[in-house]
Amino acid sequence: MRALQITTVLGGLVAALGASPAHAQVKLLNVSYDPTRELYQDVNRGFAASWKARGGQEVEIKQSHGGSSSQARAVIDGLEADVVTLASVIDTDAIASHGLIKKGWAGRLPNQSLPYVSTIVFVVRKGNPKGIKDWPDLVKPGVAVVTPNPKTSGNGYLAFFSAWGSVLLRGGSRQDAVDYVTRLYKQVPVLDSGARGASTTFSQKKIGDVHLAWENEARLEVQESKGALEVVYPPISIRAEPHVTVVDDNVDRHKTRAVAEAYLQYLYSDEGQEIAARHFYRPTNPAVLKRYAGTFPAIRMFSITEIAKDFADAHKQLVAEGGVFDTIYARH
Amino acid sequence: MIRYSGHVVLGGILLAAGGAASAQTAPEAAPVPPGAPAGEPAVGAPPAAAPPAPVSPPADLTPRLDEVEQVARIAARKQELLEETLAAKAKEAPGVTADDNGFSIRSADRAYLLRIRAQLQTDGRFFAGNDAYEAGDTFLIRRFRPGMDGTLFSLVDYRLVADFAGGTVQIMEAYLDLHPREWLRLRAGKYKGVIGLERLQSDADLPVLERALDQNLSSQREFGAQLWGNVAGVVTYVVGIVNGSPDDTNPDTADTNHGKDFQGRLFIQPFRMPGLERLGNLGVGVSASTGNRKARLPVSVNGSPVPVTPAATGLGPYKTAGQNTFFTYYAPANDTTGVLTTFGNGRASHLNPQLYYYIGPFGLLAEYVWSRQAVQRGNSTAVLTNEATHATASFVVGGREGYDGPTPTNPFDLAKGTLGALELAVQASWLKVDPLTFGDPNVAGSTAYADPTKSARAAKAWALNATWVPRRSVHLGVMFEQTRFDGGAGTAMAVTNRPTENLILGRGQVNF
């Protein structure tokens with residue numbers, strides 16, 4: 001952590017010396033996925049104040065949100081992101097494969113560029129009228145499930161991976177898993193393109209009995225429902241890993257590398273980790289996580305490597321073109 | 001409450017439909033006497049009672065109503081998502097645009113683009129104070145240049161422009177521009193060279209309708225290839241190799257000599273750095289070129305006169321804003337041996353410091369051109385140095401000035417009562433030919449390379465210009481330019497000055 005602070009301070013000094021004039025405003029664009037709006041509003045405020053206090057310029061950070069895969073596509077197509085904070089490594093790697101992010105990007109920040117992690121949980125109606133506690137409950141007759149499209153949304157494919165893993169890691173076969181997700185997606189009446197749209201479908205449009213959501217999104221949804229919704233933690237779910245990185249091509253062209261790197265390093269600071277925890281993202285700093293132990297119930301968060309080689313492999317097998325999702329969703 | 005109301009409404013629908021459920025639960029209606037009109041109360045029936053209080057549907061209907069309600073919500077949500085999808089797809093669909101910048105078609109991913117371009121300038125050119133010049137009073141099409149440009153697979157830009165004015169077709173520009181990065185681009189084909197900041201400015205954007213005298217010392221177009229790019233929006237560089245066209249000419253054909261010119265340009269716009277934009281747009285730079293244009297000597301075929309076009313001699317004429325030639329090297333039409341004609345033979349070099357500054361409505365552009373050319377006439381050779389400079393100041397009333405022309409704050413629109421902008425400009429320019437061109441005064445009988453009774457030793461000009469700019473695509477301008485000469489008339493024994501040229505030029509322009 002001390003090394004991190006030194007790096008951050010040095011980054012600030014470099015940026016301050018490199019800026020001309022010294023107090024000119026610098027702008028960053030953070031391209032993120034759907035549910036991180038509120039998180040990064042607070043992070044941006046915190047970082048801007050911290051950066052200025054360290055002698056940096058005025059910094060204005062703009063945010064762009066949408067389905068994670070759609071956001072990655074937008075960056076590839078020219079959206080001038082200085083940093084990307086997307087739902088999973090698949091989307092970040094998609095940008096890297098076009099040469100916009102340098103190889104080995106994950107090793108540039110602590111903890112493989114993961115300042116926080118998350119998982120997929122259930123949101124149900126008040127009193128949990130359908131008695132939903134675990135993954136098998138989702139395919140009971142009469143249960144309508146809301147989850148976004150796995151092909152366009154990080155929430156969507158992580159929910160798919162969770163459902164898949166919940167069968168395999170309890171001893172089920174691949175065919176059992178295929179049968180399960182087939183039944184599950186037959187009970188999805190609406191496929192939104194992103195996580196925020198799915199929240200709208202469930203909480204505002206009052207469609208469905210259960211919403212498979214990012215943990216942070218679920219908690220926010222419940223908070224805003226004023227008692228109309230509840231969170232249910234299934235015993236097992238995936239460990240979601242939203243990586244962060246600078247977009248090398250863009251920061252070099254914008255001359256914003258120093259401030260962009262400092263912005264991401266801020267996520268690892270105690271202040272940044274506290275902000276993440278307050279927004280229901282599980283901080284990767286153990287000390288901060290311990291302070292928020294009451295906020296984050298302990299469940300089995302399985303690693304993607306328990307069901308596939310890595311996220312890319314899981315994506316290819318399950319939701320990419322010709323994957324399992326295409327075969328089961330086309331059937332109904 | 002919303003849920004409850006929904007139940008009532010949906011319950012009503014089911015009851016009205018007379019389904020099995022409603023048959024079981026609906027209250028019995030009062031009998032209607034025969035002949036009574038439907039919908040009217042029966043005679044003798046009790047007066048209408050107050051509207052009944054809302055009644056919750058029976059408990060056994062609730063699950064079904066919930067189900068129907070869900071179906072309705074799902075249908076509505078799917079409709080919303082469908083509309084969102086259609087709206088998103090509409091944004092991604094190939095686009096067609098038509099505006100002051102022209103007409104364009106682009107692919108959904110913007111990787112492919114085609115823009116249709118056109119430039120039309122119709123002039124009225126008049127001279128005052130001299131009969132010889134006034135004989136040239138005329139209306140004419142100065143430029144008619146349709147063209148197209150665009151992008152292919154996000155990597156290659158292209159541009160094709162032809163000029164149909166003057167009754168002939170001439171390719172003005174035809175090049176491709178490969179751009180893997182903004183700072184690394186490769187251009188190849190026919191395009192503007194590096195000499196002349198005003199030359200590099202589009203004809204359509206000039207604050208004074210005709211170019212200044214110093215542009216006589218730069219070629220109009222070049223054939224060649226260049227690496228160029230823009231670094232961080234601040235530094236523009238060019239390094240290239242070109243055929244090396246004679247000054248103020250636009251070559252149509254391939255090079256006539258094996259020597260090639262090397263060109264370079266460095267242009268810096270310091271106020272493009274972040275935080276300095278409010279200081280305006282300052283550009284300072286220098287262009288240079290050099291090449292050994294070892295020409296083939298003009299050859300007579302079967303005793304006919306040698307060709308004396310600029311392409312053949314490697315030397316171009318110098319013209320005024322009124323397009324009158326005031327300087328030309330010896331190139332007699334009846335020279336059957338080639339010994340009477342001056343032609344470029346050896347190194348030709350140019351140096352061109354340049355700057356502009358634009359802030360709000362104000363603009364200033366100034367440059368200097370130094371041109372050195374080795375020439376030969378008969379067995380005599382010389383290295384001649386010509387120099388020229390110009391400065392233009394402009395001000396846009398009701399708009400912003402820029403190197404890319406004036407932009408009205410409120411473009412002309414009768415409905416809104418807006419008139420566009422008025423661009424006012426003043427220009428001074430000067431060109432001086434090397435005195436050795438007319439023979440060495442210290443050497444009796446030395447060779448002259450131009451006729452002092454036809455070619456001026458120097459010219460000075462000033463111009464005033466006013467252009468109404470209703471919209472960026474339409475200009476209506478008028479200019480007055482006076483050009484005075486040193487030499488260029490009289491007799492060999494008594495050289496006098498060419499008459500002063502007073503040009504009044506009006507122009508209508510459409511450019512997109």
Side-chain angles (χ1 to χ4, degrees), chain A residues 15 18-27 57-60 66-67 70 73-74 76-79 98-100 125-126 129-130 141-146 148-149 152 187-194 196-198 200-209 228 249-250 252-256 259, chain B residues 1-7 62-64 66-89 91-92 106-113 151 153-155 180-184 229-235 270-279:
Chain A
S20 178
H23 295 289
Q25 191 186 50
V26 62
K27 293 179 181 176
Q57 317 98 311
E58 292 275 352
V59 56
E60 180 191 348
S70 307
R73 187 71 247 168
I76 292 165
D77 288 344
L79 181 61
H98 283 75
L100 298 172
R125 307 278 172 208
K126 184 182 179 183
K130 297 287 172 83
V143 173
V145 181
V146 172
N149 190 335
T152 59
Q187 296 186 207
V188 177
V190 175
L191 269 184
D192 285 274
S193 61
R196 195 47 61 91
T200 302
T201 297
F202 185 71
S203 60
Q204 293 177 26
K205 304 294 179 182
K206 300 189 188 314
I207 292 171
D209 302 301
D249 241 35
N250 294 346
D252 288 343
R253 198 168 58 256
H254 301 163
K255 305 281 180 203
T256 53
V259 65
Chain B
M1 181 53 98
I2 292 169
R3 189 179 177 85
Y4 174 76
S5 303
H7 277 169
T62 302
R64 184 159 178 201
D66 278 344
E67 195 179 316
V68 172
E69 196 173 19
Q70 277 290 298
V71 169
R73 284 177 178 157
I74 289 166
R77 181 62 174 156
K78 281 186 170 174
Q79 180 64 30
E80 280 179 10
L81 295 177
L82 179 65
E83 285 167 8
E84 284 173 15
T85 305
L86 290 175
K89 279 189 177 171
K91 282 184 190 169
E92 292 168 3
R106 64 165 172 77
S107 61
D109 62 359
R110 297 171 190 271
Y112 293 83
L113 173 68
T151 304
F153 44 90
S154 301
L155 186 64
R181 292 286 183 272
E182 194 57 33
W183 54 268
L184 181 63
N230 183 279
V231 182
V234 175
V235 177
F271 297 163
R272 288 280 176 88
M273 284 192 280
L276 298 182
E277 294 92 341
R278 65 184 181 281
L279 298 178

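From a predicted model like this one, the values you see are computed outputs, not experimental measurements. Just so we're on the same page: letters track the sequence lines, and every chain starts at 1.
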query: Which one of Asp77(A), Thr200(A), Leu191(A), Asp192(A) has the most heavy-atom pairs closer than 4.5 Å to chain B?
result: Asp192(A)

field: Side chain / backbone / both / neither for Lys255(A) at chain B, heavy atoms under 4.5 Å
entry: side chain

statement: Nearest heavy-atom contact between Lys78(B) and Pro189(A) is CE-O, 2.8 Å

query: Checking heavy atoms, do the side chain of Glu67(B), its backbone, both or neither come under 4.5 Å from chain A?
result: neither

task: Measure the spacing between NZ of Lys206(A) and CZ of Arg77(B) and express it to the nearest 0.5 Å.
output: 13.5 Å

Spatial distance of atom CD (Glu69(B)) from atom CD1 (Ile207(A)) [nearest 0.5 Å]: 10.5 Å

query: Checking Leu81(B) against chain A: side chain, backbone, both or neither under 4.5 Å from a heavy atom?
result: side chain

